[in-house]
Amino acid sequence: MINLETPRKFRAFVNQAHQVAAEMLRPNSRRYDLAEHEYPVELDMLAAMVDGLGASGTGSGAGASGVRRTATAEDGVVNGSNLSSVLSIMEMCWGDVGLLLSMPRQGLGNSAIASVASDEQLRRFDGVWAAMAITEPGCGSDSAGIQTTARLDGDAYVLDGEKIFVTAGGRCDAVVVWATLDKSLGRAAIKSFVVMKDTPGMTVERLEHKLGIRASDTATIRFENCRVPVANLLGSADIDKGFAGVMQTFDNTRPLVAAMAVGCARAALELTRELLSEAGVQIDYDRPAHRQNAAAATYLSMESDWEAAYLLTLQAAWMADNGQPNSLQASMAKAKAGRTANEITLRCVELTGPLGYTEHHLLEKWSRDSKILDIFEGTQQIQQLIVARRLLGKTSAELK
């Protein structure tokens with residue numbers, strides 16, 4: 001396999017992430033999958049440790065809260081917080097995706113804040129656990145169709161609408177809500193707002209029962225005459241600046257989701273190789289795949305797909321660290337990694353037969369967990385559409 005060397009300054013941190021995954025996340029994986037909606041109390045200690053690493057500077061931008069573009073041309077080549085985040089997330093999701101998504105103060109809303117917040121907002125929301133609320137009952141992948149409204153009223157915006165599938169929506173301290181200032185203006189009027197959980201008019205309606213990532217709570221949240229301070233709008237309120245500022249969040253968070261998929265798929269590949277070896281199937285890298293056992297040939301094909309997803313994820317994160325536009329690469333990484341993880345985990349279940357299908361091993365759980373990684377933060381079809389637009393130089397109006 002291709003083995004890119006981890007930057008020296010990240011090695012200790014990545015090793016720590018792997019140790020946490022091996023000793024804390026994976027041993028509790030089955031427990032919290034069966035006990036859906038039960039809060040994983042073990043994560044409080046882990047979150048405190050990550051906070052400490054971040055504060056001391058040794059965490060290299062641990063988790064979602066570390067994602068931010070700060071590089072300039074004068075800095076030269078930078079291996080920064082985006083790259084360290086995807087490397088650590090890969091290790092943690094080798095342990096358990098749902099538990100990673102349940103970590104306090106490491107939500108996708110934190111990535112949104114880190115991506116577009118002002119320096120003052122960064123200080124004000126430091127230490128806040130933020131979820132992300134985009135999807136609505138009538139609006140999924142086409143985020144431009146958002147119906148939740150934000151109406152300016154004096155020193156506050158008044159939010160009205162409903163959001164569904166909010167990851168960590170029941171446990172978080174705040175929610176980053178996407179809402180439109182004027183439905184008639186389409187994408188240009190969509191902005192994001194930080195809404196604290198104790199804000200009157202914000203109600204967590206219910207928690208969903210899900211196929212996978214059951215350790216992570218997924219909420220439906222309603223906003224009725226919910227007043228949010230003007231200062232909690234992320235980015236510019238200027239409609240002329242359009243949708244780009246809001247969408248910039250995705251350029252940073254999609255590589256994180258791709259990293260989750262890469263980590264989950266790697267876990268499945270490693271366990272499958274062990275089980276195949278125990279069954280007498282040996283994988284030979286010095287022989288063509290078509291001259292090997294069919295299971296070995298299938299494994300080699302999956303591994304090559306995994307390598308492609310891994311490299312695309314590193315590229316997208318590295319470009320963000322170095323101030324390079326990465327919308328194309330972020331969508332390519334998300335599309336490839338999400339689909340690859342789902343295909344790999346399902347094929348691993350197939351290759352290992354009854355051992356993969358029962359709860360004796362975690363393979364069946366990983367196959368369930370991986371499906372959401374191909375869906376949230378933009379479905380496979382949406383990512384392919386974005387890639388096509390970038391490659392062909394088309395706008396969203398020209399290529400739908």
Side-chain angles (χ1 to χ4, degrees), residues 3 6-66 83-107 110 129 168 171 212-217 256 259-275 277-278 306 310 341 344-345 348 352 355-356 358-370 373:
N3 185 17
T6 301
R8 184 175 301 171
K9 66 178 180 178
F10 297 154
R11 290 176 194 169
F13 178 60
V14 170
N15 288 337
Q16 286 176 335
H18 183 79
Q19 186 176 358
V20 167
E23 297 180 5
M24 181 181 294
L25 301 189
R26 190 172 290 189
N28 286 293
S29 185
R30 181 68 69 188
R31 171 188 171 187
Y32 288 107
D33 182 63
L34 296 173
E36 188 175 16
H37 300 154
E38 179 181 331
Y39 177 68
V41 293
E42 293 85 354
L43 295 180
D44 288 335
M45 180 177 66
L46 177 57
M49 182 184 74
V50 172
D51 289 343
L53 289 172
S56 66
T58 58
S60 303
S65 62
L83 186 59
S84 71
S85 291
V86 300
L87 289 171
S88 64
I89 284 172
M90 287 176 190
E91 298 300 330
M92 300 285 272
C93 288
W94 175 90
D96 190 82
V97 176
L99 288 172
L100 172 77
L101 289 169
S102 299
M103 279 187 59
R105 297 176 295 283
Q106 302 300 323
N110 290 102
W129 182 2
R171 299 169 180 165
I213 59 167
R214 291 163 61 87
S216 170
D217 71 321
L256 301 182
M260 296 176 196
V262 168
C264 183
R266 194 186 98 205
L269 283 171
E270 290 180 359
L271 179 54
T272 298
R273 183 168 183 175
E274 292 176 14
L275 295 175
S277 180
E278 291 173 5
W306 181 89
Y310 171 68
I344 284 176
T345 53
C348 286
T352 54
L355 286 177
T358 66
E359 293 184 356
H360 187 73
H361 291 290
L362 290 169
L363 281 171
E364 61 82 25
K365 179 184 180 301
W366 293 333
S367 70
R368 290 187 286 110
D369 288 347
S370 68
L373 303 176

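Computed from a predicted model, the values in this text were never measured in an experiment.
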Distance-minimising heavy-atom pair for R105 and A47
NH2-CB, 3.4 Å
Verify, without hydrogens or angle tests, whether R30 (side chain) and H361 (backbone) share a donor-acceptor contact under 3.5 angstrom.
yes
Using only atom types and a distance under 3.5 Å, with no angle test, would you say the side chain of S88 pairs donor to acceptor with the backbone of A17?
no
Atom pairs and distances, donor-acceptor, side-chain atoms in residues 20-27, under 3.5 Å, two or more places apart:
unit_1	atom_1	unit_2	atom_2	d
E23	OE2	Q19	NE2	3.4
R26	NE	W94	O	3.4
R26	NH2	W94	O	2.6

Closest contact, heavy atoms only, V86 versus A259:
O-CB, 3.5 Å
Y39 and D44, any side-chain heavy atoms less than 4.5 Å apart:
yes
For the CG atom of D33 and the CG atom of N28, what is their distance to the nearest 0.5 Å?
12.0 Å
Does E38 reach the side chain of R31, with side-chain heavy atoms less than 4.5 Å apart?
yes
Are Q106 and S85 packed together at the side-chain level, in the sense that at least one heavy-atom pair is separated by less than 4.5 angstrom?
no
Interatomic distance, CE@M92 vs CG@L101, rounded to 0.5 Å, equals 10.5 Å
Measuring from C264:SG to M90:CE, what's the distance to the nearest 0.5 Å?
13.0 Å
Using modelled atom types only, decide if a donor and an acceptor are shared between the side chain of D369 and the backbone of G212 within a distance under 3.5 Å.
no
Using side-chain heavy atoms (C-beta onward) and a distance below 4.5 Å, is W366 in contact with L271?
yes
In this structure, CD of E91 is separated from CD of Q16 (nearest 0.5 Å) by 12.0 Å
Taking the side chain as everything from C-beta on, heavy atoms only, tell me whether L363 gets closer than 4.5 Å to L275.
yes
Please report the closest heavy-atom contact between S102 and P40, naming both atoms and the distance.
CB-CG, 4.3 Å
Hey, is the main chain of G98 close enough, under 3.5 Å, to the side chain of R214 for a donor-acceptor pair?
no
Tell me which one of T345, T352, I344 satisfies side chain to side chain contact (heavy atoms under 4.5 Å, CB included) with C348.
I344
Look up atom CD in E274 and atom OG1 in T272, then write down how far apart they are to the nearest 0.5 Å.
9.0 Å
Looking at CZ of R368 and CG of L362, how far apart are the two atoms once the value is rounded to the nearest 0.5 Å?
9.5 Å
